[in-house]
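Below, all heavy atoms of this structure are taken into account, side chains as well, without hydrogens, waters or symmetry copies.
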Amino acid sequence: MAREVKLTKAGYERLMKQLEQERERLQEATKILQELMESSDDYDDSGLEAAKQEKARIEARIDALEDALSRAVIIEGPGGEVIGLGSVVELEDPLSGEHLLVQVVSPAEASVLETPMKISDASPMGKALLGHRVGDVLTLETPKGKREYRVVAIRG
């Protein structure tokens, strides 16, 4: 049996949207490739080879998204007082006072480009957060050395 992929409802919808966009890109890439093949006079056309590679990359991305979505299990926000998969967590660096808002998600949903940042439960930070409560202080090993964070709030 294939391993399930746990996703929040928003994460599932985001992956579905990405799949739709990739399918549109594939249609466009196929059209461009067909046009290049029809107009190509010789076999050393580098544009034709680049178009084939781009089409293959898009197809691979579609396959990966379809696979993840086919194994998806939508998780409910954990609620409660303990950090779990789906929790949105507000952290504070006790030294600088800097605040950080993250959501603990599965690796398929992780993205640091969103707000709040989507932190994989398989990442060092994600693993360190799981099971903690408001007021807990956790120490993380980062590329810049050890950092401490205090859990300020947990939102479901």
Joint hydrophobic cluster, [X] plus [Y], side-chain heavy atoms closer than 4.5 Å:
{"X": "L69", "Y": "L85", "value": "no"}
{"X": "V137", "Y": "V102", "value": "no"}
{"X": "I154", "Y": "Y149", "value": "yes"}
{"X": "V88", "Y": "V105", "value": "no"}
{"X": "V112", "Y": "L91", "value": "yes"}

Pick from V89, I119, V104: which one makes a side-chain contact (heavy atoms from CB on, under 4.5 Å) with M125?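 The side-chain contact (heavy atoms from CB on, under 4.5 Å) with M125 is passed solely by I119 among V89, I119, V104.
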Check whether any side-chain heavy atom of [X] sits under 4.5 Å from a side-chain heavy atom of [Y], and report yes or no.
{"X": "Q53", "Y": "R57", "result": "yes"}
{"X": "D121", "Y": "P107", "result": "yes"}
{"X": "T8", "Y": "I74", "result": "no"}
{"X": "E22", "Y": "R25", "result": "yes"}
{"X": "S111", "Y": "E114", "result": "yes"}
{"X": "L33", "Y": "K52", "result": "yes"}
{"X": "V151", "Y": "L138", "result": "yes"}

With rounding to the nearest 0.5 Å, note down the distance linking [atom1] in [X] to [atom2] in [Y].
{"X": "I83", "Y": "L129", "atom1": "CD1", "atom2": "CG", "answer": "5.0 Å"}
{"X": "K9", "Y": "E13", "atom1": "NZ", "atom2": "CD", "answer": "4.5 Å"}
{"X": "H99", "Y": "S96", "atom1": "NE2", "atom2": "OG", "answer": "8.5 Å"}

Report yes or no: does [X] contribute a side-chain atom to a donor-acceptor pair with the main-chain N or O of [Y] at less than 3.5 Å?
{"X": "R150", "Y": "P94", "value": "no"}
{"X": "E92", "Y": "V152", "value": "no"}
{"X": "S106", "Y": "K6", "value": "yes"}

Step-by-step side chain to side chain contact (heavy atoms under 4.5 Å, CB included) determination, M117 to Q103: CA-CA 6 Å; M117 281 192 296; Q103 182 176 21; over 6 Å; no
Taking atom CD of E20 as the centre, does the number of heavy atoms from other residues, nucleotides or ligands within less than 6.0 Å exceed 12?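 Open: at most 12 neighbouring heavy atoms sit under 6.0 Å from CD of E20.
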Might you point out which heavy atoms bring [X] and [Y] nearest each other, and give the distance in Å?
{"X": "I58", "Y": "A29", "result": "CD1-CB, 3.9 Å"}
{"X": "E109", "Y": "K118", "result": "O-CB, 3.7 Å"}
{"X": "S123", "Y": "G126", "result": "OG-N, 3.0 Å"}
{"X": "L140", "Y": "P124", "result": "CD2-O, 3.9 Å"}
{"X": "L7", "Y": "A72", "result": "CD1-CB, 3.7 Å"}
{"X": "P116", "Y": "L101", "result": "CB-O, 3.5 Å"}

Using the test salt bridge (charged side-chain N to carboxylate O under 4.0 Å, His left out), find all partners of D93 that sit at least two apart in sequence or belong to another chain.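 Testing D93 for salt bridge (charged side-chain N to carboxylate O under 4.0 Å, His left out), a comparison that skips the adjacent residues, returns R147.
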Is the shortest side-chain N to carboxylate O distance from R133 to E81 below 4.0 Å?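 Salt bridge flag = yes for E81 with R133.
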Side chains of residues 59-66: which donor-acceptor partners sit under 3.5 Å, not counting sequence neighbours?
from : atom 1 : to  : atom 2 : distance (Å)
E59  : OE2    : K55 : NZ     : 2.8
R61  : NH2    : Q18 : OE1    : 2.6
E66  : OE2    : R23 : NH2    : 2.7

Verdict with supporting geometry, M37 and L48, side chain to side chain contact (heavy atoms under 4.5 Å, CB included): CA-CA 7 Å; M37 288 174 73; L48 183 61; 3.5 Å; yes
Test side chain to side chain contact (heavy atoms under 4.5 Å, CB included) on L26 and E54; report intermediate values, then the result. CA-CA 9 Å; L26 180 59; E54 179 62 15; over 6 Å; no
